[in-house]
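Treat the numbers as computed from the prediction; the structure is a model and nothing was measured.
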Amino acid sequence: MVRRKAPTRATRLASEFRNVALGALIALFAPAAGADEPIFVDLARDTGLDFVHFNGMTGDFYFPEMTGQGGALLDYDGDGDLDLYLVQGGMLGPGKTLADALEPPPPGRPEGDRLFRNDLSDSRLRFVDVTEASGISALGYGMGAATGDYDGDGDLDIYVTNYGPNQLLQNRGDGTFADVTAETGAGDDRWSTSALFFDYDADGLLDLYVVNYVAFDLERNPACYAASSRRDYCGPSGFPPQADRLLRNLGGGRFEDVTLRALAGARPSPGLGAAAADLDGDGRLDLYVANDGEANQLWINAGDGGFIERGLLAGVAVNGEGRAEASMGIDSADFDGDGDEDLFLTHLSGETNTLYVNDGSGLFEDHSVRSGLGAPSVRYTAFGTGWLDFDRDGWLDLMILNGAVRTLDAQARAGESYPLKQPNQLFRGDGDGSLAEVTAIAGAPFAMPEVSRGLAIGDLDNDGDEDAVQFNNNGPVRLLINRSGARSNWLGARPLSALSEATWLGTRTIAALADGRRIARRSRADGSYCSARDSRVILGIGEQADIARLDVAWPGGARSAWLDPPLGRYLTLYGTQ
């Protein structure tokens, strides 16, 4: 008997490339059903969303220039629709300290972060810039934003990450915000990227995790070069990595830095993304951190106020071949419908984006190639990403935003002023563990190469399907409205704490269908890259006529159930603490 060698990752990848090419050939000659009906359309300009990100590039290739930006979807005014917070860049240069980033910009330059209110009426979107009226003054060199009701008053607050001092903006509940960074102890003066709120100790108060990147000094900007000998942006390996921070919410408007005590053995790493989820099925929120070019970290919640790092043992520190990758964006969800949370990470061109599939116990296997996500990602550098069910068939789909970090020679030769532009991608999940690329019918925004970074997913027009906001570096924001025309049934849920009226992050909402299938979605605002998403959940159920039973698993272990819930609307669900 001849024993065949197991195929290597390279062999599987080459095979997948052939399958992708064959699929493209078939699609070329297949009937163009629905080709004139794009899944997403960009309505930013049409709705008054005229924000353009400015990175201040001067040709000196300062590292932070090309890493931002993100933003946040949140209902800051409690009127039932999603508003939008966008972080802005600025000018960087020799002789400027990090504190200088908070000074007013020169005339004619963008003036800091912006808050746009959604005045949704009769399903028609209209955004109004209310930054001045809100009292927000955020003039730092922005990276991203996180949302959560840290003070438990029912209003969503905003944490802003910067290259330089971060800010915590407290929502006063009257349409205005106050900068409470100093009095809460939530500040961080280093280069922060992503951040997230989560209740890791199950005390009903949202704690805060801040992801820090590297120590880049404007005064000592090393010269790096592309293969073509052109000056280019440097990568993270030439700079000291920075330590992340875990801030425990003490109540009363104060945070305590518990990093050394709760994350024993944590080492500085070049972090870019993070997500909190119950990855081992014990009912407690764990923490996964994506590091750029170094091993990723999986912090398993021990339930005693501390975490144990299990990334390598769980199979998620490196890829299936044992190599650390340039991890940027991340999202966690039950993509295969088996009841546990899986992980997806975006990476650098030349690597494949990585899908880690959970076996239910917190152990993972790299399914990047077999899922169909491997080969289509090799050409691109991906940042923001998010699971969504754009066609409401009950199976999660995947959106990926791309943009290079090193000069693309063809664009440079053509005279492109910012030669890092790449198209974005959309994949449809069919429930068999694989995802098929449908970028060709995703819509015009996906065919337009840009330098995309953050991604926030949410139902902006409250019609029951998920839209998205694409945050571009040194370019306009894109408002991707879902026009897939799905007639599938759906149910939306907003799980709230009965005590504080705050969205209870980490809550799992499970729909039991008449055919025995169960669809689970977790209320979350984290993940992606430097961005915060809609914390409501949408349960698409395809052609099912109804949901027999709706179960809600609340943080802390309590459960609630509703029989025969109404479809085609959002329900507010209250839990007890």
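In this structure, CD on Glu256 lies 10.0 Å from CG on Leu246, to the nearest 0.5 angstrom. Interatomic distance, Leu287 CG to Ser332 OG, rounded to the nearest 0.5 Å: 11.0 Å. Taken from CG in Leu49 to CZ in Phe116, the straight-line distance is 5.5 Å, to the nearest 0.5 Å. For the atom pair Leu388 CG and Asp534 CG, the distance stands at 12.0 Å (nearest 0.5 Å). From Phe177, atom CZ reaches atom OH of Tyr85 across 9.0 Å, with rounding to the nearest 0.5 Å.
The two residues Thr509 and Leu550 make their nearest non-hydrogen contact at CG2-CD1, 3.8 Å. Among all heavy-atom pairs drawn from Val211 and Ala274, the shortest one is CG2-CB, 3.6 Å. When all heavy atoms of Met143 and Pro64 are compared, the pair lying nearest together is CE-O, 3.6 Å. Taking both residues in full, the closest heavy atoms of Ser535 and Leu505 are given as CB-CD2, 3.9 Å, listed atom of the first, atom of the second, then distance. The two residues Leu250 and Leu205 make their nearest non-hydrogen contact at C-CD1, 4.0 Å.
In this structure, Phe255 has its ring center closer than 6.0 angstrom to the ring center of Tyr150. When ring centroids are compared, Phe63 and Tyr213 come within the 6.0 Å threshold.
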CA sep, side-chain torsions, deciding dist, call: Tyr529, Leu272, side chain to side chain contact (heavy atoms under 4.5 Å, CB included): CA-CA 7 Å; Tyr529 171 78; Leu272 287 177; 4.0 Å; yes

Stepwise side chain to side chain contact (heavy atoms under 4.5 Å, CB included) test for Tyr76 and Asp83: CA-CA 7 Å; Tyr76 86 93; Asp83 312 298; 3.0 Å; yes

Side chain to side chain donor-acceptor pair (under 3.5 Å) between Ser452 and Asn472, intermediate numbers included: CA-CA 4 Å; Ser452 300; Asn472 287 324; 2.7 Å; yes

Thr572 vs Leu496, side chain to side chain contact (heavy atoms under 4.5 Å, CB included): CA-CA, chis, key distance, verdict: CA-CA 7 Å; Thr572 299; Leu496 299 182; 3.5 Å; yes

Audit row: His367, Leu355, side chain to side chain contact (heavy atoms under 4.5 Å, CB included) steps and yes/no: CA-CA 5 Å; His367 281 209; Leu355 175 64; 4.3 Å; yes

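Tyr570 does not carry Arg494 over the face of its six-membered ring by the limits of under 6.0 Å from the centre and within 45° of the normal. Note that Arg453 lies in the cation-pi zone of Phe383, set by a 6.0 Å cut-off to the ring centre and a 45° limit from the axis.
Looking at residues two or more places apart in sequence or on another chain, you find a ring-ring contact (aromatic ring centres under 6.0 Å, His included) between Phe335 and Trp387. A search for side chain to side chain donor-acceptor pair (under 3.5 Å) contacts involving Asp174 returns Thr176, not counting sequence neighbours. In terms of the salt bridge (Lys or Arg N to Asp or Glu O under 4.0 Å) criterion, Glu183 has no residue partners (sequence neighbours excluded). Asp278 pairs by the side chain to side chain contact (heavy atoms under 4.5 Å, CB included) definition with Asp280, Asp282, Asp286, not counting sequence neighbours. Taking the side chain to side chain donor-acceptor pair (under 3.5 Å) definition, one finds that Asn221 meets it with nothing, sequence neighbours left out. Partners of Asp188 by side chain to side chain donor-acceptor pair (under 3.5 Å), not counting sequence neighbours, listed by chain and number: Arg190, Asn212.
Between Phe307 and Tyr200, the angle of the ring planes lies from 30° to 60°, which puts this pair in the tilted group.
Side-chain contact of Tyr356 with Asp366: a donor-acceptor pair under 3.5 Å is absent, judged by distance alone.
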